[in-house]
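None of the values given here were measured: they were computed from a predicted structure. Read the numbers this way: they start at 1 and go in the same order the structure lists the ligands and their atoms. Just so you know, these numbers use all the heavy atoms, side chains as well, and skip hydrogens, waters and symmetry mates.
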Amino acid sequence: MDIKLVIVGGVAGGATAAARARRLNERAEIVLFERGEHISFANCGLPYYIGGIIEKRKNLLVTTREAFMKRYNVDVRINCEVVAIHRDSKEVEVRDLASGETYSEPYDKLIISPGAEPVKPPLEGIDLEGVFRLRSIPDSDRIKAMIDTVMPRSAVVVGGGYIGLEMVENLIHRGVQTTVVEMADQIMAPLDPEMAAIAQAHLKERGVRLELRCRVESFVRDPDGLKVATSRGSEIHCDMVILSIGVRPENRLAKEAGLKLGDRGGIVTDSGMRTSNPDIFAVGDAVELTEYVTGRPGMFALAGPANKQARIAADNAMGRNSAYKGALGTSIVRLFDLTVAGTGANEKHMKECEIPYMVSYTHSGSHASYYPGAKQMAIKLIFSPDEGKLFGGQIVGEDGVDKRIDVLATAIHGGMTVFDLEELELAYAPPYSSAKDPINMAGFVAANVLKGDLEVVHWNSLSEHNGNNTVLLDLRTKREIDKLGTIPGAVHVPVDDLRATLGTLDPAKDYIAFCAVGMRGYLAHRVLVQNGFKSKNLSGGFSTFAPAKEEITG
Ligand code: FAD
């Protein structure tokens with residue numbers, strides 16, 4: 001098929017679309033415009049380049065213009081900005097940024113993947129030297145040059161999303177004392193607050209100052225560096241600032257061409273990534289996509305969806321019929337020793353969407369407890385209250401989080417239920433897992449709740465249940481309580497003494513049993529209800545309750 005495909009944007013979505021289109025059609029003419037000087041660079045690697053973990057700048061370049069042109073026979077024009085789309089004449093207007101000249105380039109099919117731009121609020125001092133944003137290789141060059149030459153002692157990272165947090169880890173790695181200022185009441189918006197609380201506690205342990213519910217209001221340069229004024233009335237002195245307060249879709253081209261945009265400015269497409277003009281496709285951070293779990297419009301600035309959409313757009317531009325089914329928003333970030341990950345819908349979003357759901361918490365070892373090095377991971381599942389269909393999952397832990405979040409993402413994509421999680425046969429040998437993998441355990445607990453074998457109370461509703469008629473039973477050992485504390489008012493009954501203590505319990509009372517993670521609490525619940533007592537278990541035990549209480553309710 002002789003066809004001319006023009007692509008705008010040469011990184012995640014654009015380069016993928018070009019390569020896929022070429023593999024499908026050897027005869028097509030393919031022209032790719034990129035306004036920057038690099039194509040196909042690893043924006044996800046930029047924080048680690050700044051941190052010195054990725055040592056060589058050239059490693060950020062997944063391919064070069066020349067190599068890409070040679071392998072894929074694509075006409076790659078860098079430093080060329082597409083400034084307008086003329087949909088009636090099927091041409092794009094291009095400005096060559098080197099020469100300043102403007103020219104038209106005709107297309108049969110157009111794929112736009114212009115990405116997203118960092119949000120830049122109109123704050124006093126936002127353009128001062130030392131206030132940085134991170135999106136491109138030149139941005140990372142500037143930040144790295146400052147760290148290498150000026151050797152700043154302190155930094156403020158504005159925004160506790162994943163890019164901000166990756167910068168925190170890398171700044172600390174470079175010996176820069178770091179404060180995170182976040183407007184919301186938690187970091188890592190894809191997670192629910194009690195799961196983010198575990199990560200927040202870890203950041204503090206690693207010496208990061210965290211200012212939540214705090215807005216940055218201005219930046220002022222003084223002889224000592226930069227002064228960051230906040231909505232709390234405080235002033236934070238630092239040597240540099242990284243702004244990481246989110247992104248908005250680069251939609252100017254689409255808007256001016258009259259393509260349909262969604263409420264949040266994302267380019268609207270059908271499942272074939274076609275915009276409101278059938279010859280123009282859009283992919284990546286600039287598009288509004290469908291949330292896989294809720295079926296609602298959503299925006300996720302993530303490389304995985306951009307790459308997959310690009311493949312689909314290229315298929316369809318080349319005459320195939322491929323469909324994008326929606327995004328889960330699966331994301332993962334490393335924070336020092338912790339890995340923090342989420343997939344699907346979180347509880348906050350289920351509430352907003354008014355979709356009925358249930359949640360459960362588990363804490364399991366990353367591998368067999370008798371094999372050295374096992375670490376606990378906290379898992380939260382969100383599922384439907386009727387058939388147990390999985391809506392979302394969040395995991396925070398030190399080891400093995402990545403593979404478990406991917407199992408959950410696969411399960412959600414496959415429409416599986418918590419009962420399926422019970423049955424999954426996952427790889428096991430002592431260094432890797434347990435015969436009952438953490439995912440199986442999460443499935444068992446959620447399924448127990450749905451089957452009525454376990455009644456649970458959650459960390460945030462304990463006070464509602466904890467009335468005059470309620471007795472909190474702490475089932476842990478004295479050693480654990482001495483080390484970690486307990487919940488005020490709890491009565492200590494070690495789980496192994498529970499049966500012998502039953503005669504002293506009052507059947508008229510409501511018992512809420514808890515232990516470290518919920519395992520002994522479940523056993524106690526079964527003992528109590530089968531002996532005629534009313535009992536509930538604190539889901540996730542003290543390990544979920546304590547950081548949430550500390551970080552969220554203070
Ligand atoms: P981009 O990859 O940003 O490419 C858009 C390109 O289009 C840009 O190079 C831009 O110059 C060009 N362009 C825009 N307008 C025009 C125009 N008019 N003419 C010509 N060219 C134009 N995602 C993850 O999933 N995991 C991660 O760990 C992760 N880490 C990240 C870390 C950083 C620091 C950053 C910035 C992003 C990270 N992302 C990560 C997000 C991921 O990089 C993006 O989701 C992905 O690159 C989006 O692909 P895209 O093609 O839509 O946009």
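Nearest residue to atom 3 (O) of ligand 1 from Arg133, Glu81, Met167, Arg135 is Arg135 (criterion: closest heavy atom). Residue Cys44 holds the heavy atom nearest to atom 26 (N) of ligand 1 of all those in Gly161, Ala306, Cys44. Summarising the contacts of atom 45 (O) of ligand 1 with Ile112, Val82, Asp285, the nearest heavy atom is found in Asp285. Summarising the contacts of atom 1 (P) of ligand 1 with Leu46, Ile7, Val11, the nearest heavy atom is found in Val11. Among Ile163, Leu134, Val247, the residue whose heavy atom sits closest to atom 35 (C) of ligand 1 is Ile163.
Screening Arg320, Arg20, Lys308 for a salt bridge (charged side-chain N to carboxylate O under 4.0 Å, His left out) with Asp315, the sole residue that qualifies is Arg20. Paired with Gln394 under the rule side-chain hydrogen bond (donor to acceptor under 3.5 Å, both in side chains), one option of Asp192, Asn346, Thr343 passes, and it is Asp192.
A side-chain donor from one of Ser433 and Arg404 sits under 3.5 Å from a side-chain acceptor of the other.
Closest to atom 14 (C) of ligand 1 among all protein heavy atoms lies Pro114 O, 3.3 Å. Nearest to atom 46 (C) of ligand 1 among the protein's heavy atoms is Ala12 CB, 3.8 Å.
Under a 4.0 Å heavy-atom criterion, Phe300 is not in contact with ligand 1. Distances from ligand 1 to the non-hydrogen atoms of Ser331 include no value under 4.0 Å.
Under a cut-off of 6.0 angstrom, the local environment of NZ in Lys325 is sparse, with at most 12 non-hydrogen atoms contributed by other residues, nucleotides or ligands.
In terms of N/O distances under 3.5 Å, ligand 1 is not approached by Gly284. Considering backbone and side-chain atoms together, Ala116 places no N or O closer than 3.5 Å to any N or O of ligand 1.
Listed for the Thr178 side chain is a donor-acceptor partner under 3.5 Å among the backbone atoms of Val176.
Numbered from 1 in the order shown, with element, the atoms of ligand 1 that lie under 4.0 Å from a heavy atom of Phe33 read 20 (C), 21 (N). Close contacts of ligand 1 with Gly9, meaning ligand atoms under 4.0 Å from a residue heavy atom, involve 6 (C), 7 (O), 12 (C), 21 (N).
Taking the ring axis of Tyr49 as reference, the NZ or CZ atom of Lys144 stays within 45° of it and closer than 6.0 Å to the ring centre.
Contact check on Arg206 versus Glu169 returns no salt bridge, with no Lys/Arg side-chain nitrogen under 4.0 Å from an Asp/Glu carboxylate oxygen.
Proximity of Val83 to ligand 1, defined as any heavy-atom pair under 4.0 Å, is not found for any part of the residue. The residue Ala310 has no part lying near ligand 1, judged by heavy-atom distances below 4.0 Å. Contacts between Val8 and ligand 1 below 4.0 angstrom, taking non-hydrogen atoms only, involve the side chain exclusively.
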